[in-house]
Amino acid sequence: MDTQSLQAFLAVADSGSFSRAGEQLHLTQPAVSKRIATLEDQIDARLFDRIGRRVTLTEAGRILLPRARQILVMVDDSRRALVNLGGSVAGSLTLATSHHIGLHRLPPLLKAYTRNHPEVRLDLQFLDSEQAYQGVLDGELELAVVTLAPHPDPQLEVVPVWDDRLCFVCAHDHPLAGQRRLSLHELCAFDAVLPGPMTFTRTLIETRFASAGLSLPVALSTNYLETLKMMTAIGLGWSLLPERLVAGELHELVVDHPPIHRSLGYLMHKSRTLSNAARAMLGLLEAARDEASRD
């Protein structure tokens, strides 16, 4: 099996389309079809069923999919290991981060990194933390700096860097703003605007309320914290937002409940050989971790 055919196979499997796979790989659709046909000849099995406009994996395709990912990760690892022998910090670094961390935590690190390592081409991808986790697991991302999962996958090396306290907040003219001290039960009498239901942060919040026997009265949700801040500021509901995001623009509620903290940090695959470019970024993240621990 050649790597180009495997790359085409993964592109079609992930996109569900030969034409979209061609766009991703900068190939024509016939060229993608030819690579898939070559691979099917090599393994003597059909990989995709084409019914109308739908493209779905056959049983053989489903069996090959995780192995194809592993093969390409091993090839990339071998290439990086050989390049690392030269000791230079160059090439490319694919780094994923969430919008909040990218706006409020990473800028000083990225500025120092690009200044110290101008020969590195930084491919910065803004993704939901959950997407970034999967990207690292699949070998598509070398590093991710995100909200850490409550129960991370054992295949990942997960390192906390910053502690993020979540504040109970509402608009200054919201009815709750006039209360001196609130219980979780009293909060639940009013609508909340919170992160999306599949996010790590939402899971953390729901767990706290569930342990008190309460269901969250969520009126609106979004994965973008800046949007949640806006919705809270115009009075659409109370929310839980990172301390750095509140900055006096919202009314912080006093709630009779232990503080809720989430952990922000970086993750990488335990089986992956990191490039020198990635190791240089880890050095800056570790320095930020040391500084945060002193604070």
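Computed from heavy atoms alone, side chains included, the values below leave out hydrogens, waters and symmetry copies.
Nearest heavy-atom pair, Thr199 versus Glu130, reported as atom, atom and distance to 0.1 Å: CA-OE2, 3.0 Å. Closest of all the heavy-atom pairs between Leu27 and Ala31 is CB-CB, 4.2 Å. Closest heavy-atom contact between Leu285 and Val161: O-CG1, 3.9 Å. When all heavy atoms of Gln29 and Ser19 are compared, the closest pair comes out as OE1-CB, 3.5 Å. For Ala60 against Ala45, the heavy-atom pair with the smallest separation is CB-CB, 3.9 Å. A pairwise comparison of heavy atoms in Leu6 and Ala68 identifies CD2-CB, 4.0 Å as the closest pair.
With hydrogens and angles ignored, the 3.5 Å screen pairs no side-chain donor or acceptor of Glu157 with any backbone N or O of His269. The main-chain N or O of Ser183 is found under 3.5 Å from a side-chain atom of Glu186 such that the two form a donor-acceptor pair.
Between Leu10 and Gln7 the shortest side-chain heavy-atom distance does not fall below 4.5 Å. Between Thr207 and Thr203 there is a side-chain heavy-atom pair separated by less than 4.5 Å. Using a 4.5 Å heavy-atom threshold, the side chains of Ile63 and Glu59 count as touching. Considering only heavy atoms from C-beta on, Leu245 comes within 4.5 Å of Pro242 through its side chain.
Inspection of the Ser275 and Glu142 side chains reveals an N or O donor paired with an N or O acceptor under 3.5 Å.
Partners of Asp191 according to the side chain to side chain donor-acceptor pair (under 3.5 Å) rule, which considers only residues two or more places apart in sequence or in another chain, do not exist here. Evaluation of the salt bridge (charged side-chain N to carboxylate O under 4.0 Å, His left out) rule for Asp14 yields Arg69 as partners, not counting sequence neighbours. For Asp49, the side chain to side chain donor-acceptor pair (under 3.5 Å) criterion is met by no residue, not counting sequence neighbours. Applying the ring-ring contact (aromatic ring centres under 6.0 Å, His included) rule to Tyr266 yields no partners; only residues at least two apart in sequence or on another chain are considered. The side-chain contact (heavy atoms from CB on, under 4.5 Å) search around Ala37 returns none, not counting sequence neighbours. Residues forming a side-chain contact (heavy atoms from CB on, under 4.5 Å) with Met230 (at least two apart in sequence, or on another chain): Thr227, Ile234. Looking at residues two or more places apart in sequence or on another chain, you find no salt bridge (charged side-chain N to carboxylate O under 4.0 Å, His left out) involving Asp41. Scored by the side-chain contact (heavy atoms from CB on, under 4.5 Å) test, Asn116 finds Ala112 as partners (sequence neighbours excluded).
Dense packing is recorded around NZ of Lys270, with more than 12 heavy atoms of other residues, nucleotides or ligands lying under 6.0 Å away. Surrounding CZ of Arg121 are at most 12 heavy atoms belonging to other residues, nucleotides or ligands under 6.0 Å away. Summarising the local packing, CZ of Arg50 is surrounded by more than 12 heavy atoms from other residues, nucleotides or ligands at distances under 6.0 Å. The environment of His185 atom NE2 is sparse: at most 12 non-hydrogen atoms of other residues, nucleotides or ligands sit within 6.0 angstrom.
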Next item on the list: Step by step, work out the side chain to side chain contact (heavy atoms under 4.5 Å, CB included) result for Thr232 and Lys229.
Entry: CA-CA 5 Å; Thr232 305; Lys229 178 180 177 181; 5.8 Å; no

Next item on the list: Test Leu204 against Thr147 for side chain to side chain contact (heavy atoms under 4.5 Å, CB included), laying out the working first.
Entry: CA-CA 11 Å; Leu204 176 64; Thr147 302; over 6 Å; no

Notebook entry, point to check: Between Leu253 and Gln179, is a side chain to side chain contact (heavy atoms under 4.5 Å, CB included) present by the stated rule, with each step listed?
Noted result: CA-CA 8 Å; Leu253 298 165; Gln179 303 294 320; 5.9 Å; no

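For the ring-ring contact (aromatic ring centres under 6.0 Å, His included) condition, the pairs that include at least one residue of residues 7-41, sequence neighbours left out, are Phe9-Phe48, Phe18-Phe48.
A salt bridge is defined here as a Lys NZ or Arg NE, NH1 or NH2 lying under 4.0 Å from an Asp or Glu carboxylate O, and Arg20 with Glu23 fails to meet this definition.
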Residues 93-103, side-chain donor-acceptor partners within the protein, below 3.5 Å, at least two apart:
{"unit_1": "Thr97", "atom_1": "OG1", "unit_2": "Val145", "atom_2": "O", "d": "2.8"}
{"unit_1": "Ser98", "atom_1": "OG", "unit_2": "Ile101", "atom_2": "N", "d": "3.3"}

What donor-acceptor contacts under 3.5 angstrom involve side-chain atoms of residues 164-174, with partners at least two apart or in another chain?
{"unit_1": "Asp164", "atom_1": "OD1", "unit_2": "Arg105", "atom_2": "NH2", "d": "3.1"}
{"unit_1": "Asp164", "atom_1": "OD2", "unit_2": "Arg262", "atom_2": "NE", "d": "3.0"}
{"unit_1": "Asp164", "atom_1": "OD2", "unit_2": "Arg262", "atom_2": "NH2", "d": "3.1"}
{"unit_1": "Arg165", "atom_1": "NH1", "unit_2": "Glu252", "atom_2": "OE2", "d": "3.2"}
{"unit_1": "Arg165", "atom_1": "NH2", "unit_2": "Glu243", "atom_2": "OE2", "d": "3.3"}
{"unit_1": "Arg165", "atom_1": "NH2", "unit_2": "Glu252", "atom_2": "OE2", "d": "3.2"}
{"unit_1": "His172", "atom_1": "NE2", "unit_2": "Glu249", "atom_2": "O", "d": "3.4"}
{"unit_1": "His174", "atom_1": "ND1", "unit_2": "Leu176", "atom_2": "N", "d": "3.0"}

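When hydrophobic side chains of Ile, Leu, Val, Met, Phe, Trp and Tyr are connected at separations under 4.5 Å, Val158 ends up clustered with Leu127, Tyr133, Val136, Leu137, Leu141, Val146, Leu148, Leu156, Phe200, Leu267.
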